[in-house]
Every structure is written in structure tokens, then in C-alpha cells.
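See below for the structure under consideration.
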Amino acid sequence: MNKSELLAVVAEDAGTTKAVAEKVLNAFAETVQTDVLFRGNNLAYPGLGTFKRVDTSARTGRNPATGQPVEIEAKSKVGFKPSPGMKS
């Protein structure tokens, strides 16, 4: 499913337009990024799962083309753990 298909399904299920559904989904994505990634807060959405910030440490990797060592910087990313109802 791509974004436009998701918007169509959400709009139909919510009884609204695709434009409103897109605004809501964009606001949700922005909130996850701002609140979880930048502020470090966990965001639990019952029935869906929990978003949390995961910090990775700096490490040495390898360039797959040359095999030379490459330093990979530490970074933060958003992790997601689905709620028990989302698992099959």
C-alpha cells in the first residue's frame, strides 16, 4: 500500500476527504518525529504500538565496494514496537 492508497482508505473509514486525512496523517508523522526523535519521549498508541527513540553509538563499518573501513557516526532514530494485537 502506498501513501495515496492509505489516504483513500483512511478518508473512507473516517467519512472525510483525502485532503483532511492527509493533514491528519502528516500531523501524526510530524508529532512522532518531533516528540519522539527530538525530545526523546515515548509515544504509545493503544492498539497500534509504541514509538521510542533509539540511540546508536558510533562504530566502524566497511565500504562494500572497496572493503575499506568507514567511520559511522552515532545517531538517533525512531523505533517501533507493535502492540500485541498487531502481531500475527
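Every value quoted in this text rests on a predicted model; they were computed, and no experiment measured them.
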Donor-acceptor pairs under 3.5 angstrom involving side-chain atoms of residues 69-79: please list them, not counting sequence neighbours.
from, atom 1, to, atom 2, distance (Å)
Glu71, OE1, Thr60, OG1, 3.4
Glu71, OE2, Thr60, OG1, 2.9
Ser76, OG, Asp55, OD1, 2.5

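- Legend: salt bridge (Lys or Arg N to Asp or Glu O under 4.0 Å) pairs involving residues 4-20, not counting sequence neighbours: none detected.
- Ser4 pairs by the side chain to side chain donor-acceptor pair (under 3.5 Å) definition with Asn2, not counting sequence neighbours.
- For the side-chain contact (heavy atoms from CB on, under 4.5 Å) test, residues two or more places apart in sequence or in another chain that qualify with Thr66 are Asn63, Gln68.
- Tracing side-chain contacts under 4.5 Å through hydrophobic residues (I, L, V, M, F, W, Y), one reaches Met86 starting from Tyr45; they form part of the same cluster.
- Screening residues 19-39 for salt bridge (Lys or Arg N to Asp or Glu O under 4.0 Å), with sequence neighbours left out, gives Lys3-Glu22, Asp35-Arg39.
- For the atom pair Leu43 CG and Thr50 OG1, the distance stands at 8.0 Å (nearest 0.5 Å).
- A single hydrophobic cluster is not seen to contain both Leu7 and Val20; linkage of ILVMFWY side chains at heavy-atom distances under 4.5 Å, directly or through other members, places them apart.
- For residues 61-88, the pairs satisfying ring pair (Phe, Tyr, Trp, His ring centres under 6.0 Å) are Phe51-Phe80, with sequence neighbours left out.
- For Phe28, the CZ atom is densely surrounded, since the number of other residues' heavy atoms within 6.0 Å is greater than 12.
- With Arg53 contributing its side chain and Leu37 its backbone, the two residues share a donor-acceptor pair below 3.5 Å.
- Separating the CG atom in Asn41 from the OG1 atom in Thr31 is a distance of 11.5 Å, to the nearest 0.5 Å.
- Looking only at side-chain heavy atoms (C-beta outward), Val36 and Asn42 stay at 4.5 Å or farther from each other.
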